[in-house]
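What follows is a single structure, written as structure tokens, with notes after it.
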Number of protein chains: 2
Amino acid sequence: MPDTHDCPGCAAPDLAFAAHDHAHCSHDALERAEALTAATGARLTPVRRRALEILLEEHKALGAYDVLARLAAEGFGNQPPVAYRALEFLVEQGLAHRIQRLNAFTACVHPGEDHAPAFLICRACHTVAEAEASGARQSLEAEAARAGFQVERTTIEALGLCPNCRGQA
Amino acid sequence: MPDTHDCPGCAAPDLAFAAHDHAHCSHDALERAEALTAATGARLTPVRRRALEILLEEHKALGAYDVLARLAAEGFGNQPPVAYRALEFLVEQGLAHRIQRLNAFTACVHPGEDHAPAFLICRACHTVAEAEASGARQSLEAEAARAGFQVERTTIEALGLCPNCRGQA
DNA sequence: TCTTGACCTGTTATGATATTACATACATAG
DNA sequence: CTATGTATGTAATATCATAACAGGTCAAGA
Ligand SMILES: [Zn+2]
Ligand SMILES: [Zn+2]
Ligand SMILES: [Zn+2]
Ligand SMILES: [Zn+2]
């Protein structure tokens, strides 16, 4: 691993909406994915790796069938399970997230960091930013606890306008 | 409106998981729905009203096709748009909510109260409770604001075990 | 070496969720 | 009563997701 990961591009918060070196951003995420899977013994096979690369191309969410079309065009299988299985693997490994509101998937920008993600979805440019939801998650858990409810998984998403698209309205 | 709405059954928080007079609970919600729609001029037609009654039967989320089957059995149309349109109306009027995680709909238990709902979804008994999400929502908006993102709609849902089902595990 | 078993990939088929487009009915304002 | 907007009904289609099974790869263990 040549990159010791101490570069300015990675430090910026809320990367997705800000101008940033996305080539670095995505390359870095891929490298971390390789390191992580190597460490846990999970197998980042060619389809899975390629699916992740596709998700990493942009800070958007892609539907399973979008990913499938891309994979099929590159010689992988062209039936839905091919995409769903690769995406399921990525989600399980914490390398991608499912965006419930869009029935779609987006690459994780903090792989391996054990974070509570919230997603900010721009309804104009469809950019999806991964924000920190630990505060919201704590509030939600506190409220759930009052009802005796034990939280296992949370979905925290916001739909609205990103800073770039706000300016144009 | 005979009911002046000052009864113990309604005051309890987190109704869905607690034992409560659900006949009252649902009857009350329906009455409020009528008052609200009358006040705004929205038309709570027979299909729409019936769809709401169906959602109110239990504190669960029903898929559009479940609602459709019920409606069709009672003489309403049996094509998907019949259900989707009625549900869309209810959601627009704040009489029902969509549960993104389940691709399903649940009746609002606080119609007309302008609240920020979070949903607690039991993975065992499939009960869906509507909790207060104002804290979580504020955290989320604060985080979004740091990124310059303007929140318009939020999805805040938790999947886990309700107090009743926890006891049995 | 051969076999076994775990896992991955691929395919067919089907199921589940949701929308578009168009036709008909029905209210109410003019 | 007639025009207009709104609501309902239907057919057709689009989109999202899974079940079930077949074949391939690879490494552990007989
Ligand atoms: Zn980037
Ligand atoms: Zn935008
Ligand atoms: Zn109730
Ligand atoms: Zn339960």
Side-chain angles (χ1 to χ4, degrees), chain A residues 33 37-38 40-55 60-93 95-106 121 126 155 157 159, chain B residues 33-34 37-38 40-55 60-93 95-106 121 126 155 157:
Chain A
T37 50
T40 65
R43 293 168 57 190
L44 189 61
T45 60
V47 225
R48 292 166 172 178
R49 189 191 148 107
R50 193 69 195 105
L52 178 56
E53 287 172 359
I54 289 166
L55 291 183
K60 309 233 150 128
L62 288 181
Y65 280 74
D66 296 329
V67 173
L68 176 59
R70 296 284 308 273
L71 292 174
E74 298 175 27
F76 295 102
N78 71 344
Q79 298 303 315
V82 171
Y84 280 102
R85 286 193 289 228
L87 292 166
E88 179 188 32
F89 170 87
L90 295 175
V91 170
E92 271 169 7
Q93 300 301 315
L95 304 176
H97 299 289
R98 175 168 195 136
I99 309 300
Q100 299 287 352
R101 215 173 163 105
L102 303 176
N103 291 327
F105 301 83
T106 193
I121 307 162
H126 306 117
T155 299
E157 299 172 358
L159 184 70
Chain B
E34 278 169 350
T37 50
T40 65
R43 294 169 55 191
L44 190 61
T45 60
V47 227
R48 290 167 175 177
R49 188 192 149 106
R50 193 71 195 104
L52 178 56
E53 287 172 1
I54 289 166
L55 291 184
K60 310 234 150 131
L62 288 181
Y65 279 74
D66 297 328
V67 173
L68 176 59
R70 296 284 308 272
L71 292 173
E74 300 176 25
F76 295 102
N78 73 343
Q79 298 302 315
V82 169
Y84 281 102
R85 285 193 291 227
L87 292 166
E88 178 188 33
F89 170 87
L90 295 175
V91 170
E92 271 169 6
Q93 300 301 314
L95 304 175
H97 299 288
R98 176 169 197 138
I99 309 300
Q100 299 288 350
R101 202 159 179 119
L102 304 176
N103 290 327
F105 300 84
T106 193
I121 307 162
H126 305 117
T155 299
E157 299 172 357

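Labels below follow one simple rule: chain letters A, B, ... track the order of the sequence lines, proteins then strands, and each chain is numbered from 1. Model, not experiment: these values are computed from the prediction.
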Task: 5' precedence on DNA chain D between B:G75 and A:G63 (nearest-nucleotide basis) - done: B:G75

Open item on the list: For the base of C:dT17 and the side-chain ring of B:Y65, does the geometry meet a stacking cutoff of under 5.5 Å between centres and under 30° between planes?
Closed with: yes

TODO: Could you tell me the separation between the CG atom of B:L68 and the P atom of C:dG15, rounded to a whole number of Å?
DONE: 17 Å

Open item on the list: Can you measure A:E88 atom CD to D:dT18 atom P for me and round it to whole angstrom units?
Closed with: 8 Å

Task: nucleotides 21-30 of chain C: protein proximity per nucleotide (B base, S sugar-phosphate only, - neither; heavy atom, under 4.0 Å) - done: ----------

TODO: Rounded to the nearest angstrom, tell me the gap between atom CG in B:L44 and atom C1' in D:dT8.
DONE: 15 Å

Open item on the list: Quick check on D:dT10: is either OP1 or OP2 less than 4.0 Å from any side-chain nitrogen or oxygen of B:N78?
Closed with: yes

Task: A:L52 CG to A:L87 CG distance, which is reported to the nearest 0.5 Å - done: 10.0 Å

- [ ] Evaluate side chain to side chain contact (heavy atoms under 4.5 Å, CB included) for A:T155 paired with B:Q100, printing each intermediate quantity in order.
- [x] CA-CA 9 Å; A:T155 299; B:Q100 299 288 350; 5.6 Å; no

TODO: Please determine if a side-chain N or O atom of B:Q79 lies less than 4.0 Å away from the OP1 or OP2 oxygen of D:dA11.
DONE: yes

Task: Separation of atom CZ in B:R50 from atom C1' in D:dT8, rounded to whole Å - done: 18 Å

Task: Nearest-angstrom distance from the residue atom CG of B:L102 to P of D:dC16 - done: 18 Å

Open item on the list: Show the nearest heavy-atom pair for residues A:R43 and A:F89, with the distance to one decimal.
Closed with: O-CZ, 3.5 Å

Open item on the list: Using modelled atom types and a 3.5 Å cut-off, is there a donor and acceptor pairing between side-chain atoms of A:E157 and backbone atoms of A:I99?
Closed with: no

- [ ] Considering non-hydrogen atoms only, spot the tightest contact between B:A42 and B:Q93 and give its length.
- [x] CB-OE1, 3.4 Å

TODO: Measure the distance from CZ on A:F105 to P on D:dC16 and round it to the nearest whole Å.
DONE: 11 Å

TODO: For the side chain of B:N103, starting at C-beta, report the closest nucleotide among C:dT17, D:dT10, D:dC16.
DONE: C:dT17

Open item on the list: With rounding to the nearest 0.5 angstrom, report the OG1 to CZ distance, A:T45 to A:R50.
Closed with: 13.0 Å

Open item on the list: Using 0.5 Å steps for rounding, measure from the CG atom of B:L68 to the CG atom of B:L62.
Closed with: 12.0 Å

- [ ] Nearest 0.5 Å please: distance from the NE2 atom of B:H126 over to the CG atom of B:L102.
- [x] 8.0 Å

Open item on the list: Rounded to whole Å, please give me the gap between OH in B:Y84 and C1' in D:dT13.
Closed with: 14 Å

TODO: Starting from C1' on D:dA7, measure out to CG on B:L71 and report it in whole angstrom.
DONE: 14 Å

Task: Value rounded to 0.5 Å, distance of OG1 in A:T106 from NE2 in A:H97 - done: 8.0 Å

So which protein nitrogen or oxygen atoms get under 3.5 Å of nucleotides 23-25 of chain D's nitrogens or oxygens?
none

